[in-house]
Amino acid sequence: MNIVISSQSGVPIYEQIKEQMKAAILSGELSENDLLPSLRQLARDLQVSLVTTTRAYSELELEGFIQTMPGKGAYVKKIDEAFIRGKYRKETEEALAAAVRCGRLAGLQAKELHNMLDAIERSVK
């Protein structure tokens, strides 16, 4: 797994680490029970603070992607795909509801919102 961070990005470094690890888990690049780098090793490799890697791992654990075993390290957990899909579906619905509210304030019609969503979907990798 190769994590690339950007200090130029508006996204906090811990969030960049967390999102790239989640993507690796969800894509199957990292599998159930794979041992992750230690917090200190990851901090050294990425040249970031230990606090940064600790926060990334803590959030991954809270979200159910990894499990930390004191003295043994952090491991990828078995992914409950239904839970993960439900979580992302809820986040998507909330984001779309916010977009619709903003669109209404801008005077956009539903067809215009659909066209915008289609264009965004085509542009996202």
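For E15, the side-chain contact (heavy atoms from CB on, under 4.5 Å) partners two or more places apart in sequence, or in a different chain, are V11, P12, K18, E19, E59. Qualifying side-chain contact (heavy atoms from CB on, under 4.5 Å) partners for S58, counting only residues two or more places apart in sequence or in other chains: T54.
In the hydrophobic clustering (ILVMFWY side chains linked at under 4.5 Å, chained through shared members), M69 is joined by L35, Y75. Counting side-chain heavy-atom gaps under 4.5 Å among Ile, Leu, Val, Met, Phe, Trp and Tyr, the cluster of L96 also holds L117.
A distance of 9.5 Å separates CG of L50 from CZ of R44, quoted to the nearest 0.5 Å. Taking CZ of R55 as the reference point, atom CG of L39 lies at 14.5 Å (rounded to 0.5 Å). Interatomic distance, NZ of K72 versus CD of Q67, reported as 10.5 Å (0.5 Å rounding). In this structure, CG on L60 lies 6.0 Å from CD1 on I25, to the nearest 0.5 angstrom.
Within 6.0 Å of atom CE in M116, 12 or fewer heavy atoms from other residues, nucleotides or ligands are found, so the atom counts as exposed in its surroundings. More than 12 heavy-atom neighbours from other residues, nucleotides or ligands sit within 6.0 angstrom of CD on E94.
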Intermediate values then yes/no, side-chain contact (heavy atoms from CB on, under 4.5 Å), L36 and M21: CA-CA 10 Å; L36 299 174; M21 289 185 119; 4.1 Å; yes
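Across L46 and I3, no two heavy atoms sit closer than the pair CD2-O, 3.7 Å. L113 and G103 get closest at one heavy-atom pair: CD2-CA, 4.1 Å. Scanning all heavy atoms of the two residues, the minimum distance from I79 to G64 falls at CD1-O, 4.4 Å. The heavy-atom pair separating M1 from A24 by the smallest distance is SD-CB, 4.0 Å. Considering all non-hydrogen atoms of both residues, A56 and Y14 come closest at CB-O, 3.5 Å.
Within the structure, side chain to side chain donor-acceptor pair (under 3.5 Å) contacts touching residues 26-35 (residues at least two apart or in different chains) do not occur. Here side chain to side chain donor-acceptor pair (under 3.5 Å) pairs that include residues 101-115, with residues two or more places apart or in two chains, number zero.
Residues L42 and I17 meet the side-chain proximity criterion, which asks for heavy atoms closer than 4.5 Å. With a 4.5 Å cut-off on side-chain heavy atoms, L26 and Y88 count as touching. Here the side chains of P37 and Y57 are in contact, with some heavy-atom distance below 4.5 Å.
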